[in-house]
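All remarks here apply to the structure that follows.
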Amino acid sequence: MFDNIAKQGALTGTSADAQKVADQMSEAFIAFAKTGDPNTPAIPKWEPYQLPRRQTLLFDAASKLADDPRGKERELF
């Protein structure tokens, strides 16, 4: 989120994909801090979380919005 993948002790590595994820996360965090809306051109449209869909943005080299990811695990707990 703070775009610090090159710092000593970082567990993400410094690959191009790691930098892409860091860029997406930091841009979303900055947009959210400024406007209350995390959406930027760097990520897919991040819809507000609502039941029962439980929309969640999964950050990755190809980030995506998913409905209730790991829902079976959530139900178990």
Side-chain angles (χ1 to χ4, degrees):
M1 161 178 4
F2 298 111
D3 197 7
N4 57 3
I5 65 170
K7 297 285 184 190
Q8 184 175 353
L11 302 176
T12 60
T14 57
S15 70
D17 282 347
Q19 186 61 59
K20 184 175 181 180
V21 173
D23 292 343
Q24 292 175 34
M25 292 182 81
S26 63
E27 287 180 34
F29 187 74
I30 290 167
F32 184 72
K34 285 183 176 179
T35 68
D37 181 355
N39 286 294
T40 72
I43 60 173
K45 173 106 174 90
W46 194 345
E47 299 173 13
Y49 184 93
Q50 294 179 338
L51 296 176
R53 284 185 56 202
R54 294 181 164 86
Q55 304 94 302
T56 305
L57 187 65
L58 304 175
F59 283 96
D60 204 336
S63 295
K64 64 183 179 180
L65 190 71
D67 289 349
D68 199 11
R70 299 171 64 181
K72 296 295 182 192
E73 291 175 47
R74 177 187 54 76
E75 290 172 359
L76 177 66
F77 289 104

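Quick note: residue numbers are just sequence positions, from 1.
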Of the non-hydrogen atoms in [X] and [Y], which two are nearest, and what is the gap between them?
X     : Y     : result
Thr40 : Ala31 : CG2-CB, 3.6 Å
Gly13 : Ala18 : O-CB, 3.6 Å
Pro44 : Ser63 : CG-O, 3.2 Å

Legend entry - Where at least one partner belongs to residues 35-65, residue pairs that pass ring-ring contact (aromatic ring centres under 6.0 Å, His included), sequence neighbours excluded: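 Found Trp46-Phe59.
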Inset, instruction - Can you run down the salt bridge (Lys or Arg N to Asp or Glu O under 4.0 Å) pairs that involve residues 40-66, sequence neighbours left out, and say none if there aren't any? - result: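 Qualifying pairs, neighbours excluded: Glu47-Arg53, Arg53-Asp67.
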Inset, instruction - Would you mind reporting whether Gln19 and Asp3 have side-chain heavy atoms less than 4.5 Å apart? - result: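 Yes, close enough: below the 4.5 Å cut-off.
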Legend entry - Close side-chain approach of Asp68 to Arg74, heavy-atom, < 4.5 Å: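 Asp68 vs Arg74: side chains touch.
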Legend entry - Spacing of NZ belonging to Lys20 relative to CG belonging to Asp23, to within rounding of 0.5 Å: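 Answer for the NZ-CG pair, Lys20 versus Asp23, is 10.0 Å.
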Inset, instruction - With rounding to the nearest 0.5 Å, note down the distance linking CE in Met25 to CG in Leu57. - result: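 Nearest 0.5 Å value for the CE-CG distance: 9.0 Å.
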Legend entry - Contacts of Asp37 that satisfy side chain to side chain donor-acceptor pair (under 3.5 Å) - sequence neighbours left out: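 Counting only residues at least two positions away or on another chain, Asp37 forms a side chain to side chain donor-acceptor pair (under 3.5 Å) with Asn39.
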Inset, instruction - Treating Ile, Leu, Val, Met, Phe, Trp and Tyr as nodes and any side-chain heavy-atom pair under 4.5 angstrom as an edge, say whether Ile5 and Phe29 lie in one connected cluster. - result: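 Different clusters.
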